[in-house]
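Quick note: numbers below take in every heavy atom, side chains included, and nothing from hydrogens, waters or symmetry partners. Model, not experiment: these values are computed from the prediction. Indexing begins at 1, ligand by ligand and atom by atom, following the structure's order.
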Amino acid sequence: MWIRLSLLLALCLAPAAPLLAFDLPRQQLTAGGVALVELAPDSAEEPTAKFKGKRVTVVQAGGKWLALTGIPLSTEPGEARLDFRIGQGPWQSRTITVKDKDYPEQRLTITNKRQVDPNEDDMKRIRADSTIIANAKRNWSEEMLADDFILPVEGRMSSSYGLKRFFNDKPRRPHGGLDIAAPTGTPIVAPADATVIATGDFFFSGNCVFLDHGRGLISLYAHMSRIDVKEGDRVAQGDKIGEVGATGRVTGPHLHWSVGLNQTWVDPRLFVKGLHRQ
Ligand SMILES: [Zn+2]
């Protein structure tokens, strides 16, 4: 269920949370989901929160401080601990009960064998790509820009988030985003207000754009045929950022869309109003 909560914004109390309203993602307490955890409801000062050692997005909604916590796909079912503190006060914790979720398998055939078993030169490039991608995922800016999300492209949802992937029958990383199939050249728009963190051409992901929606909420657009923005650009919801393509490791033209919280890719569908799991 999608909940819209008004922020009871008292400027004297919450200078770091400037939005009057924030559309919260839908909570899903599984690996790959998002936990909305209430912190210190009566605190005038903004709490800082960490999950598995990574800083967590904190917003003020309905007069409460909420931690929007991305739950990594690798998380086992059971209890997980979210740590937080107010100012320089003592660390406290909340428990997140993570439920089991079995994501389906997906088997894909890739004709370019180096994209399944990269050679040494490819590995050098993949390692360099990983550093850039990790830095983009770590990006943090104080201003919360994102409100509600729309879909970044019109098309058929061809691969859902979390699929256990086998390329040419070899197990590889699970799917960290949502694939939307559309012809090469279909416009891709920013699903919410953002600043462009980085753009680049990566071995697996092809032409990519990373967007920062503020306070640790980021998104990634991959396999693009064309990039229309550059690092530092400010984009509004609906602004074109590029076009669908088939660059990197793909079986056909599509947009791969990832959404990240606390350096964790979570299911993008949780952020789009009215979009239900298939
Ligand atoms: Zn994908």
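Side chains of Gln28 and Thr30: a donor-acceptor N/O pair is present below 3.5 angstrom, by distance only.
With respect to the Zn ion (ligand 1), Asp179 has OD1 as its nearest N, O or S atom.
Seen from the ring of Tyr103, Lys101 counts as a face-on cation partner, given the 6.0 Å and 45° thresholds.
Residue side and main chain included, His254 places no N/O/S atom under 2.8 Å of the Zn ion (ligand 1). At a threshold of 2.8 Å, the Zn ion (ligand 1) has a backbone or side-chain N, O or S atom of His256 nearer than that distance.
More than 12 heavy atoms of other residues, nucleotides or ligands shown are found within 6.0 angstrom of NZ on Lys164.
At least one donor-acceptor pair under 3.5 Å links the side chain of His175 to the backbone N or O of Ser160.
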